[in-house]
Amino acid sequence: MKKWFDISGPGVLIAAAFIGPGTVTVCSIAGASYGYALLWAMVLSIIATIVLQEMAARIGLVTNKGLATVIRTQMRHPIARIIVILLMLSAIVIGNAAYEAGNISGGVLGVEALGFSGAFQWGSLSLNGWSLGIGILAAIILFIGNYKVLERVLVGLVLFMSMAFIITAIVTRPDIIGVLKGSFVPSFPKDSTLTIIALVGTTVVPYNLFLHASLVTEKWQGKESLAIARRDTFVAVILGGLVSMAIIICAAAIQGSEIRNAGDLAKSLEPLFGEYARYFVGVGMGAAGLTSAITAPLAAAYVVQGCLGWKKDIKARKFRIVWAFILVLGILFSSSGYKPVEIIKFAQVANGILLPIIAGYLIWMANKKELLGTYVNKKWQNILGILIWLIVFGLGLRSILKVFDVL
């Protein structure tokens, strides 16, 4: 067990971050709508995530700085620097504050799928006690401010979540040939384009790039740790991708059903595979909500720290104020049932612009010898990086067009 913790950490935290309620919901819809046909999109997402996250981790380890700090110091033109800083703050801080409600609500859905209701009335106000409970638990873990504690909690939750969804997928007795074909033979069923883009978009996440570059400096020191960091990234992202694929396989067992979220997935599986299927999905969804409820505020705090040039300290008061602000907003929006639609739309536009900019800047920085020395990108990494940039550019454009109802 000690050896496992020694070779895992930042990568597993990244997996914990991208397997949130949004990913569970999108994967559930993909499986229920198209069966195994879109599994290849998750394989593509895993490759793209590994390539970009490895670059972010490498920059963090070689420079011993967070990605936001590196961008701020490397951006020479003052106007360009201000624009990019404002964009990072808007997309990551405001965006994560809006999405935090969804993270906590997703955790609540998982708990309620197990048969526990937390809703109660307080005068004319309707509140959900589970939202408060998940928020308080996330706050306690973050307030401890110890990287090792944070790592162990999230590693445990990811393993718990992985077992829940993978066991459920096995229980559904999938067609192995169909799974292999869906994983390695790209197909584009009718009206599946937006779902394919959504599958990639829920895995290749801008804030994870910032989070990873900062976390590797908490876990390790210096260039000599690059090999361990790469292995950590490779193993953890593949594990996270397998969990997402397992969710698609689960939902494929009830293809044709109307699925809006993991709660619907749990209810639909129960008649076919018994009540325990509902419990596995509920546990998995609850863990997914809690992991994202922890990592989203943490990422936002690291971004603010880097953008404003604060001293790197996870226990600093200013650092804690940022993540606490985002967590409190998430609890309030989630427990009251209020949906901050306009804020989420703004966050989607900001993320849509930020994702290709950060991915492009990441590739550029990973080729700067004055920054990384001999640790710059190899030719094959640049080829993959450019292909991935084209994909994330399409993702960003689609996100913006969708907000303005063009798609």
Side-chain angles (χ1 to χ4, degrees), residues 9-14 17 49-78 80-85 87-89 91-93 147 150-151 204-234 236-237 295 298-316 318-319 322 354-379 381-382 384-385 388-389:
V12 177
L13 269 65
I14 297 310
T49 303
I50 288 172
V51 171
L52 292 179
Q53 294 295 159
E54 187 278 334
M55 288 185 202
R58 184 166 17 116
I59 289 168
L61 274 177
V62 174
T63 64
N64 197 34
K65 295 174 183 174
L67 190 56
T69 303
V70 173
I71 291 173
R72 178 175 54 82
T73 54
Q74 290 293 311
M75 192 70 76
R76 306 298 185 194
H77 197 285
R81 186 190 306 131
I82 291 169
I83 290 171
V84 171
I85 287 174
L87 193 56
M88 287 191 291
L89 291 173
I92 307 299
V93 180
Y147 174 77
L150 184 68
E151 176 186 291
V204 184
V205 185
Y207 84 70
N208 270 351
L209 300 171
F210 294 93
L211 186 61
H212 204 175
S214 295
L215 289 177
V216 290
T217 65
E218 300 279 355
K219 173 78 175 180
W220 299 298
Q221 292 294 324
K223 306 161 188 176
E224 63 276 4
S225 301
L226 271 171
I228 299 174
R230 285 191 179 111
R231 178 177 56 184
D232 171 57
T233 302
F234 186 79
V237 173
T295 52
L298 185 65
Y302 275 124
V303 168
V304 173
Q305 182 186 70
C307 285
L308 301 184
W310 295 346
K311 183 181 175 183
K312 190 172 69 176
D313 184 2
I314 197 172
K315 292 184 179 181
K318 290 184 286 189
F319 189 92
V322 175
L354 182 68
L355 182 56
I357 289 176
I358 295 303
Y361 204 76
L362 193 67
I363 296 165
W364 176 58
M365 287 190 297
N367 281 282
K368 292 189 72 171
K369 284 196 173 182
E370 62 268 33
L371 185 69
L372 300 182
T374 57
Y375 299 98
V376 293
N377 274 359
K378 294 178 173 60
K379 189 174 181 179
Q381 288 174 310
N382 282 327
L384 277 177
I388 291 164
W389 183 85

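Every heavy atom of this structure was used, including side-chain atoms; hydrogens, water molecules and symmetry mates were not.
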For [X] versus [Y], what's the shortest heavy-atom pair and its separation?
{"X": "I59", "Y": "M365", "result": "CD1-CB, 4.0 Å"}
{"X": "H212", "Y": "P10", "result": "CD2-CB, 3.8 Å"}
{"X": "F210", "Y": "A68", "result": "CD2-N, 3.7 Å"}
{"X": "E218", "Y": "I314", "result": "OE2-CB, 4.3 Å"}
{"X": "R72", "Y": "C307", "result": "CD-O, 3.0 Å"}

Any side-chain heavy atom of [X] sitting closer than 4.5 Å to one from [Y]?
{"X": "L308", "Y": "K318", "result": "no"}
{"X": "D232", "Y": "V216", "result": "no"}
{"X": "L67", "Y": "L362", "result": "yes"}
{"X": "W310", "Y": "V304", "result": "yes"}
{"X": "T217", "Y": "K65", "result": "no"}
{"X": "L211", "Y": "V205", "result": "no"}
{"X": "L209", "Y": "Y361", "result": "no"}

Using 0.5 Å steps for rounding, measure from the CH2 atom of W364 to the CD1 atom of I71.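 Going from the CH2 atom of W364 to the CD1 atom of I71 covers 10.0 Å.
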Distance, nearest 0.5 Å, that separates CG of N208 from CD1 of I358: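 The distance works out to 13.0 Å.
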Using a 6.0 Å cut-off, check whether atom CZ of F234 has over 12 heavy atoms from anything other than its own residue.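 Atom CZ in F234 is not crowded, with 12 or fewer foreign heavy atoms closer than 6.0 Å.
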Is Q305 reaching over with its side chain to a backbone N or O of F319, donor-acceptor style, under 3.5 angstrom?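 Checked: no pair found.
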Taking N367 for the side chain and I363 for the main chain, is one N or O donor matched with an acceptor at less than 3.5 Å?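 The answer is yes, because a donor-acceptor pair under 3.5 Å joins these two groups.
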